[in-house]
2 protein chains.
Amino acid sequence: MELAEAKQKFIEAWGKLGSEWGINRTMAQVHALLLISPEALTTEQVMEQLQISRGNANMTLRDLINWGLVEKQHRSGERKEYFYAEKDVWYIARQVAKERKRRELEPVLKLLNQLQAVEGDEQDPEYKTFKTSVTDINKLATNVDKTLETMLKAEENWFFGSIFKLFK
Amino acid sequence: MELAEAKQKFIEAWGKLGSEWGINRTMAQVHALLLISPEALTTEQVMEQLQISRGNANMTLRDLINWGLVEKQHRSGERKEYFYAEKDVWYIARQVAKERKRRELEPVLKLLNQLQAVEGDEQDPEYKTFKTSVTDINKLATNVDKTLETMLKAEENWFFGSIFKLFK
DNA sequence: TTAAACTTTCAAAATTTATTGAAATATACT
DNA sequence: AGTATATTTCAATAAATTTTGAAAGTTTAA
């Protein structure tokens, strides 16, 4: 396979995977493009390579910066901004985990805790089933949350390290 | 908080979480509704409670069955079909993990393996960066895949058990 | 201060995804 | 076989999301 073709496939696959997991396809594609670029790229280059508009490129790059996956670079003597993606895969995984935990897991946990406090008749099957389901989900979500917390605190590659060894 | 209000909030939150993770909002809501229902419900009841059309209810229930989260029940002397959601949260988590692994992780792994075989000039930074990124992602994805595999084989609650103990 | 270079914004348009509802199909009972 | 009841399908429609592109805003340097 040619490098050019491989790049194209990688970008497409990353975009598809992103969209299946609730991440904007274009954002995932821009991230993929920057990931495989040895040098930082300009907005123009991103627009050109992915055939997207200036507005789209600008917003997407801003989002990627907010996710902590891309950084702006300045070059002396130049007005243009350059965008560079962090290449460390373990860092990327942690960053994504951190953001999704904050944006999605934590709000749900907060609600689950409130819902657990609902009052009702212990004899009522509707009440009992609701309470049991909410409590069980809350337990699992709390464990996921704590585990992510530990993962985020760990400086090194927690996944490659301690966990995976459990399974040879 | 009233039980009725709590139910409503739970269904909304589950729908929102689902849509953030690439799962159709309605499907997540129907799942939530069945999860907190002590008894199996009919298509009519699902339509009524979530204010959705017959076609939508039917397709969504079929999808939930395909995800292995809901089962059809028949009652003697009745023509209607009843739908019941598995209540075991650990079972649900494993089922979702299993399906997403099969539908999304495995196709990506297959591609990454192909992309790793791309030929090129070792001196070319474009080639080197591409290869390194793809190889690193492949390593992480392979580890995630193997870990999920182990999780799926484990009959018992792997998460509550061995893993979580690592972090006290 | 002016102007060129570059970035940001956002309403409108395009695209994608989800939903409806009525017709077609299937099922079970008499 | 006929009929009432229930389920499935899918083209049309609606809703949600994404993208565009041109205008407004900002920065830099002469």
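A, B, ... follow the sequence lines: proteins, then strands. Residue 1 opens every chain. As the structure is a computational prediction, the values presented were derived from the model and not from experiment.
For DNA chain C, the residues of residues 57-64 of chain A within the heavy-atom distance limit of 4.0 Å (strictly under) are Asn58(A), Met59(A), Arg62(A), sorted by number. At a non-hydrogen distance threshold of 4.0 Å, Asn24(B), Thr26(B) from residues 17-45 of chain B come into contact with DNA chain C.
Only one option out of Glu99(A), Glu106(A), Glu104(A) pairs with Arg102(A) in a salt bridge (Lys or Arg N to Asp or Glu O under 4.0 Å); it is Glu99(A).
Comment: Glu5(A) engages Lys9(A) in a salt bridge, judged by a side-chain N to carboxylate O separation of less than 4.0 angstrom. Comment: Glu2(B) does not engage Lys7(B) in a salt bridge, judged by the lack of any side-chain N to carboxylate O separation of less than 4.0 angstrom. Between Glu122(A) and Lys131(A) there is no salt bridge, since no side-chain N of the basic residue sits under 4.0 Å from a carboxylate O of the acidic one.
Whole-Å rounding puts the Phe83(A) CZ to dC6(C) P distance at 13 Å. A straight line from CG of Leu50(A) to P of dT18(D) spans 16 Å, rounded to a whole angstrom. Nucleotide dT18(D) holds its P atom 22 Å from the CZ atom of Arg54(A), rounded to whole Å. Ile52(A) has its CD1 atom 16 Å from the P atom of dT15(C), to the nearest Å.
When the nearest nucleotides of DNA chain C are assigned to Arg79(A) and Lys72(A) by heavy-atom distance, the more 5′-ward of the two goes with Arg79(A).
Every side-chain hydrogen bond (donor to acceptor under 3.5 Å, both in side chains) that Asn113(B) has, sequence neighbours left out, goes to Asn138(B).
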